[in-house]
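Residue numbering restarts at 1 for every chain, and letters A, B, ... go by the order of the sequence lines. Quick note: numbers below take in every heavy atom, side chains included, and nothing from hydrogens, waters or symmetry partners.
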Amino acid sequence: MMSQIIFILTALIVIALSVRYYGRIVQNIRLGREIRLKGDVTWRLKQVLLIGFAQKKMFKNLLPAVFHLFIYIAFLITVTELIEIFTDGIFGYHRFFASYLGWFYTFIISSIEFLSVLAFVATLVFLSRRNVIKIGRFWNPDLKGWPFRDANLILLGEIILILSIFTMNGADLVLQGRMPEHYHPAGPFLISRFFESFFNHFGTNTLVILERTGWWGHILVVFGFLLYLPFSKHLHIIFSFVNLYFTPKNQRGEMENMPLITNEVKSMLGLSDPEVIQNAPEQIPDFGANDVTGLTWKNILDAYTCTECGRCTAACPPNITGKLLSPRKIVMSVRDRAEEAGNYVRKQKKQSKVKTDIPQTAVNDGKSLFDYISKEEIFACTTCNACVEACPVHINPLDVILQMRRYEVLTNASGPSDWITMFTNLENNGSVWQIPAARSAWIQQD
Amino acid sequence: MITNISIPLMADVHSRGEKPEVLLWVGCSASYDTRSQKIIRSLCKVLNIANVSFAILGDEENCCGDPARRAGNEFVFQMLALQNIQLFNQYQIDKILTICPHGFNTLKNEYPELGGNFKVQHHTQFLLELIEHGRLKLNPKKSSSLTIHDSCYLGRVNGIYDVPRKIMEALKIEVVELERNKKNGFCCGAGGSQMFKEEEKGLERVNTNRAREAALTGCKTLATNCPFCTTMLMDGLKDLDKEDNMEVRDIVEILLDHI
Ligand code: SF4
Ligand code: SF4
């Protein structure tokens, strides 16, 4: 009874905290502006299935893809196992489903065990890739401090989870023989059966404690994960699917249009319908993005989805040739700034006791995205789309870079001096270079 | 071999009440850069040989706007784009051929949103069609090989990788792939308006990095499909003192050698 109460209380606390943490993320994402995303439901679901579930883009690089798949499937199965944890935890049963499901139960738990072993191996491989082999994209300055620890922490959690599962199942198997009235027959399972002789060395009391420790250990790690995710790059295990669903079906080469400017230019060229002129807004808004509020909500969702894997940066030509620009850092900065801006707005809201939704304009903490991302970075991008191609979860770092460029050039009327000259040439002669010769002069030469 | 190339102006053709098969979009690079002018002249020669009726806008043409847009200046981009679209409509143009992947991308993917809907082809796509329809008689030479650099805007951005390779197949030229090829191809360093400003400081230039990779293949020729890539990679090879070992040539120039 006692343990049921403790379980229910723990679960309630975890749920309450989750609502709070995940709710904040949703608020932060909604700081971004609205955007019309092209694409229909069928196409979107296809992205989720192909890129999400089938991990199509991961398999460009076989080895990490396979190991990642082990952990990922183990995760999916662990989630389904939560059903049992909750039933047993709340009602105080032990292996409630075992008697109903029969052989199928043995099959499920055996698969969990099997995948846990694979995930265990994968975890060791990943830890060594990060810490022993020191693969370049994991030892990049982008990941200094928290991101680096984050990566290792979750891998450690993974190991505790797996050890707990085997302790639980192994001890349970022995106990079934010793106290059949409490420990209903279940299993033996694929892997833990081999630990039977090991656990046989222990006294019954020790085993009972071990079994409970395993059970609690594994549920606490799962709860821990859930609460830890909002602060971690591992949020991607949930957000990847959401983000893939919202992949815009735009052509890669198509930048978002700015209708306000179209109207303006049209009226300058005498092309516009009178109606449009009348509908022109009184106050001209900022063009481009200098803060997360200028980005689209999709850009912020992208940032929360980022796994910090660095595939984008490892493919980025300016980065490879030693420039400051790193698309991963751009994406991580958007997340950091969204967190900061969101926290600021929530604080303001609390102080002024407003009940309504946060207006975007409320982010007036005197900071901007440019405190995180320098001009040197955004101006170095060749718009080559290598980062977009490389990202396994369809994140678009380039979109952020281009919107920041727009702000710098249009709203700030600034930018590299060569570009300013180029803009003048384009405006005056319709050509990037200032050349006295006629555009058609080349026809005459031989 | 044709010595006199005929390059009709759209205004003349239009005033005769005729309509060409395609409008040839020249772009800034081919209009003003001497190296790129050679490329466009080769293309015009090939069009003459295949009896394609075409015309150019000449002095009426403006920059497509890609450099302005990618540099963040939407205002200048739209000025150029809307004027170009107006001109296309005035001449009732429906099919456009571009020599530059940037113009190709902008006209094809960005003008529709501004009300300009045209059938746009990059010159390599058009050339492949000419070959497939038997409008060009090819004269493949003895075995030869080269390597290909895919421009970002034809490759990753528009997903066109097989066109240049199919042309090489038709010319019986063996393609030695670069280490980073197709989807994993490496930029020449010109895109995103980098062509028109100094590179930020770093360890080396982007074009040098790519040129070194190309030189490593040992091929004598590096085939390109973008005038900016051509310039960038020639400069890169020069930096490496490799310009005598490897020629950078647009696909249409290579094709012209085989007609
Ligand atoms: S598009 Fe820009 S940020 Fe992305 S890989 Fe290319 S140069 Fe780097
Ligand atoms: S943006 Fe994509 S490729 Fe880059 S680090 Fe994040 S998840 Fe990896």
>> Heavy-atom pairs under 4.5 Å with chain B - which of A:M404, A:E376, A:M268, A:E264 has more of them than the others?
In response: A:E376
> Distance-only, no hydrogens or angles: does the A:R406 side chain make a donor-acceptor pair with backbone N or O of B:N73 under 3.5 Å?
Replying inline: no
> In Å and rounded to the nearest 0.5 Å, what is the CG to CD distance from A:N257 to B:E74?
Replying inline: 6.0 Å
> With chain A, which of B:L114, B:N109, B:L203 has the greatest number of heavy-atom pairs at distances under 4.5 Å?
Replying inline: B:N109
>> Is it true that, when you exclude A:Q434 itself, more than 12 heavy atoms of the residues, nucleotides or ligands shown sit nearer than 6.0 Å to its CD?
In response: no
> What residue in A:N250, A:T262, A:L398 has the most heavy-atom pairs under 4.5 Å with chain B?
Replying inline: A:T262
>> Distance check, rounded to the nearest 0.5 Å: A:T383 atom OG1 versus B:R69 atom CZ?
In response: 12.0 Å
> With no hydrogens and no angle check, is any side-chain donor or acceptor of B:K197 less than 3.5 Å from a backbone partner on A:A380?
Replying inline: no
> Tell me, do A:D418 and B:E198 make a side-chain contact under 4.5 Å, heavy atoms counted?
Replying inline: yes
>> Is the shortest side-chain heavy-atom distance between B:D33 and A:W442 below 4.5 Å?
In response: no
>> For chain B, which candidate among A:Q403, A:M422, A:R252, A:M255 shows the most heavy-atom pairs at distances under 4.5 Å?
In response: A:M255
>> Looking at B:E60 and A:R439, is any side-chain nitrogen of the basic one under 4.0 Å from a carboxylate oxygen of the acidic one?
In response: no
> Between A:P416 and chain B, which part of the residue has a heavy atom less than 4.5 Å away: side chain, backbone, both or neither?
Replying inline: side chain
> When you measure from the side chain of A:E427 to the backbone N and O of B:V76, does any donor-acceptor pair fall under 3.5 Å?
Replying inline: no
> So how far is it from B:M79 CE to A:I261 CD1, rounded to the nearest 0.5 Å?
Replying inline: 11.5 Å
> Would you find a donor on one side and an acceptor on the other, under 3.5 Å apart, between the side chain of B:E113 and the backbone of A:P259?
Replying inline: no
>> Looking at A:A438, is its backbone amide N or carbonyl O close enough to the side chain of B:D59 to form a donor-acceptor pair, meaning the two atoms are under 3.5 Å apart?
In response: no
> Can you tell if the side chain of A:I320 reaches within under 4.5 Å of the side chain of B:F186, non-hydrogen atoms only?
Replying inline: yes
> Going by heavy atoms in the side chains, are B:V206 and A:T321 under 4.5 Å from each other?
Replying inline: yes
>> Rounded at 0.5 Å granularity, tell me how far CZ in A:F423 sits from CZ in B:F75.
In response: 12.5 Å
>> Looking at B:K201 and A:G322, would you say the former's side chain and the latter's main chain have a donor-acceptor pair under 3.5 Å?
In response: no
> Does a sphere of radius 6.0 Å around NZ in A:K38 hold more than 12 heavy atoms from other residues, nucleotides or ligands, not counting ones at 6.0 Å or beyond?
Replying inline: yes
> From A:T382 OG1 over to B:E199 CD, what is the distance, rounded to the nearest 0.5 angstrom?
Replying inline: 9.0 Å
> Around atom NZ of B:K183, are there more than 12 heavy atoms of other residues, nucleotides or ligands at under 6.0 Å?
Replying inline: no
>> Using a 4.5 angstrom heavy-atom cutoff, name the option from B:N209, B:L9, B:T208, B:L82 with the most pairs to chain A.
In response: B:L82
> Among residues 84-93 of chain B, which ones touch chain A with a heavy-atom distance under 4.5 Å?
Replying inline: B:Q86
> Around atom CZ of B:R16, are there more than 12 heavy atoms of other residues, nucleotides or ligands at under 6.0 Å?
Replying inline: yes
>> Centroid separation under 6.0 Å, is that true for the rings of B:F196 and A:W433?
In response: yes
> Taking atom SG of B:C28 and atom CG of A:L426, what is their separation to the nearest 0.5 Å?
Replying inline: 6.5 Å
